[in-house]
Amino acid sequence: MVKSAIRKVSMAVLAPAMALGATVGLASAPASAAVWNSCDQWGSTSLDGYKLYNNVWGSGAGSQCAWANSGTNWGVWADHPNTGGIKSYANSTKTINKTIDSLGWLTSDYNVSVPSSGAYNTSYDIWDTDHDYEIMLWVNYNGAVGPIGGYEGNVSLGGHNWNVYKGTNGSNQVFSFLRTSDSNSGTVDVKPVLQWIAYTKGWMPGNEMIGDVQFGYEVTSSSGGLNFNTNNLTINGG
């Protein structure tokens with residue numbers, strides 16, 4: 001399946017089912033009282049240096065609600081129909097604003113609980129400040145989903161082994177790294193991935209400014225309602 005247009009600018013109209021999210025989705029959140037929740041299409045908040053987005057952006061979407069206990073512990077309940085095309089990318093964002101060649105480090109720890117059904121990927125989505133380049137790191141994925149572009153080979157970087165794909169969505173270049181086996185927890189050293197793209201492959205300049213590092217769930221289908229929980233996430237760069 002080919003990935004749809006850039007999620008930050010898509011303004012797709014939601015199906016009427018979105019209105020049901022306020023009652024159904026919040027009931028699926030953890031029993032402990034969340035400090036933030038939203039069933040709004042573009043619902044967002046800032047917590048502990050992270051910005052959280054519900055971010056329902058694809059056409060034909062259903063209901064989705066996000067919650068957060070903190071910037072590093074949050075989740076989403078999603079009920080999207082069993083149709084093609086990405087419906088949403090609920091995520092937590094940390095802003096870095098450093099060039100690749102000036103980065104001292106850029107690392108992340110993740111721990112998630114994801115469903116065994118549905119079609120989705122759990123991924124980092126890394127952007128330069130001009131949105132010319134998008135780097136995706138898929139740490140797990142399920143169902144009928146796939147990256148943009150053609151297969152470029154296999155590489156071990158940042159503590160993981162990846163299958164690499166390169167393409168464009170019409171707005172920007174997309175470099176997708178798909179972990180060769182699913183992982184629900186681990187540490188990713190992002191800096192070597194960026195250096196490999198810039199210096200080994202020459203696909204982007206070394207002085208490109210890395211803006212946002214996002215982590216979340218790109219959901220294509222989750223019929224009946226599924227929970228995606230971020231038990232812990234930290235992103236650190238300097």
Side-chain angles (χ1 to χ4, degrees), residues 3 5-10 42 44-53 55 57 68 70-74 89-112 121-139 147-149 152 155-169 171-179 183 185-218 230 232-238:
K3 182 169 171 283
I6 178 172
R7 64 191 57 82
K8 284 203 170 184
V9 298
S10 177
W42 309 114
S44 67
T45 193
S46 295
L47 291 170
D48 311 310
Y50 296 84
K51 190 158 187 178
L52 304 171
Y53 295 93
N55 197 24
W57 65 271
S70 68
T72 61
N73 173 220
W74 58 276
Y89 181 62
N91 70 84
S92 179
T93 296
K94 187 75 171 284
T95 299
I96 302 300
N97 285 346
K98 279 186 170 288
T99 61
I100 296 171
D101 53 18
S102 70
L103 268 174
W105 70 92
L106 182 53
T107 62
S108 178
D109 297 315
Y110 63 92
N111 184 301
V112 302
N121 67 68
T122 303
S123 58
Y124 292 88
D125 205 3
I126 303 165
W127 293 92
D128 69 305
T129 53
D130 295 326
H131 286 184
D132 294 324
Y133 303 98
E134 178 182 12
I135 301 100
M136 297 201 74
L137 311 177
W138 295 22
V139 297
I148 281 177
E152 294 286 337
V155 66
S156 291
L157 290 167
H160 302 264
N161 188 257
W162 315 94
N163 289 324
V164 183
Y165 296 80
K166 177 177 177 286
T168 178
N169 61 21
S171 300
N172 52 268
Q173 294 291 312
V174 183
F175 313 126
S176 299
F177 293 71
L178 278 60
R179 201 176 187 277
S183 170
S185 64
T187 299
V188 179
D189 189 354
V190 179
K191 179 182 173 181
V193 176
L194 299 176
Q195 290 179 317
W196 184 82
I197 294 170
Y199 302 126
T200 302
K201 303 303 289 185
W203 291 344
M204 62 190 294
N207 64 355
E208 197 69 37
M209 181 79 73
I210 299 301
D212 291 339
V213 176
Q214 303 174 319
F215 179 89
Y217 309 98
E218 199 171 53
T230 306
N232 185 61
L233 169 72
T234 59
I235 300 169
N236 294 294

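In this chain, numbering begins with 1 at the start of the sequence shown. Being a predicted model, the structure only gives us computed values, none of them experimental.
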I want to check something: taking the side chain as every heavy atom from C-beta on, are [X] and [Y] in contact at a cut-off of under 4.5 Å?
X	Y	result
Asp128	Met209	no
Ile210	Ile126	yes
His131	Ser171	no
Glu134	Ile148	no

Contacts of Phe175 meeting ring-ring contact (aromatic ring centres under 6.0 Å, His included) (sequence neighbours excluded), chain-then-number -> Trp203
By ring-ring contact (aromatic ring centres under 6.0 Å, His included), Tyr124 pairs with (sequence neighbours left out) Phe215
Contacts of Tyr165 that satisfy side-chain hydrogen bond (donor to acceptor under 3.5 Å, both in side chains) - sequence neighbours left out
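Scan of Tyr165 (side-chain hydrogen bond (donor to acceptor under 3.5 Å, both in side chains), adjacent residues dropped) gives none.
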Sorted by chain and number, sequence neighbours left out, side-chain hydrogen bond (donor to acceptor under 3.5 Å, both in side chains) with Asn111 holds for Asn231
Test your reading of the model: is there a side-chain donor-acceptor pair from [X] to the backbone of [Y], 3.5 Å cut-off?
X	Y	value
Ser123	Asp125	no
Asn91	Gly216	no
Asn73	Thr230	yes

**OP:** For residues Ser108 and Ile235, report the shortest heavy-atom separation together with the two atoms involved.
**Re:**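 Nearest heavy atoms, Ser108 then Ile235: OG-CG1, 3.6 Å.
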Ring pair (Phe, Tyr, Trp, His ring centres under 6.0 Å) test vs Tyr217 passes for just one of Trp74, Tyr110, Tyr89, namely Trp74
- [ ] Check whether the side chains of Trp138 and Glu218 place a donor and an acceptor atom closer than 3.5 Å, and report yes or no.
- [x] no
With distance as the sole criterion, is a donor-acceptor pair present between the side chains of Asn161 and Ser156 under 3.5 Å?
-> yes
Report the distance from atom [atom1] of [X] to atom [atom2] of [Y], rounding to the nearest 0.5 Å.
X	Y	atom1	atom2	value
Lys51	Leu47	NZ	CG	11.5 Å
Lys94	Thr234	NZ	OG1	8.0 Å
Asn172	Met204	CG	CE	10.5 Å
Asn55	Gln214	CG	CD	7.5 Å

For residues 96-103, run the donor-acceptor check on the side chains, cut-off 3.5 Å, and write out each pair with its distance to 0.1 Å, sequence neighbours left out.
| unit_1 | atom_1 | unit_2 | atom_2 | d |
| --- | --- | --- | --- | --- |
| Thr99 | OG1 | Asp101 | OD1 | 2.7 |
| Thr99 | OG1 | Ser102 | N | 3.2 |
| Thr99 | OG1 | Ser102 | OG | 2.7 |
| Ser102 | OG | Thr99 | N | 3.2 |
| Ser102 | OG | Thr99 | O | 3.1 |

Open item on the list: So, applying side-chain hydrogen bond (donor to acceptor under 3.5 Å, both in side chains) with Asp212, which one of Thr129, Thr95, Thr93 is it?
Closed with: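 Among Thr129, Thr95, Thr93, the one that satisfies the side-chain hydrogen bond (donor to acceptor under 3.5 Å, both in side chains) with Asp212 is Thr95.
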Note to self: Between Ser92 and Leu52, does the side-chain contact (heavy atoms from CB on, under 4.5 Å) criterion hold? Intermediate values first, please.
What the structure shows: CA-CA 4 Å; Ser92 179; Leu52 304 171; 3.4 Å; yes
Residues 185-202 vs side chain to side chain donor-acceptor pair (under 3.5 Å), sequence neighbours excluded, gives Asp109-Thr187
Going through the distances and angles, do Phe177 and Ile197 end up as a side-chain contact (heavy atoms from CB on, under 4.5 Å)? CA-CA 11 Å; Phe177 293 71; Ile197 294 170; 3.7 Å; yes
Report task. Let me see the working for Thr72 and Asp48 under side-chain contact (heavy atoms from CB on, under 4.5 Å), right down to the final yes or no. Result -> CA-CA 8 Å; Thr72 61; Asp48 311 310; 5.6 Å; no
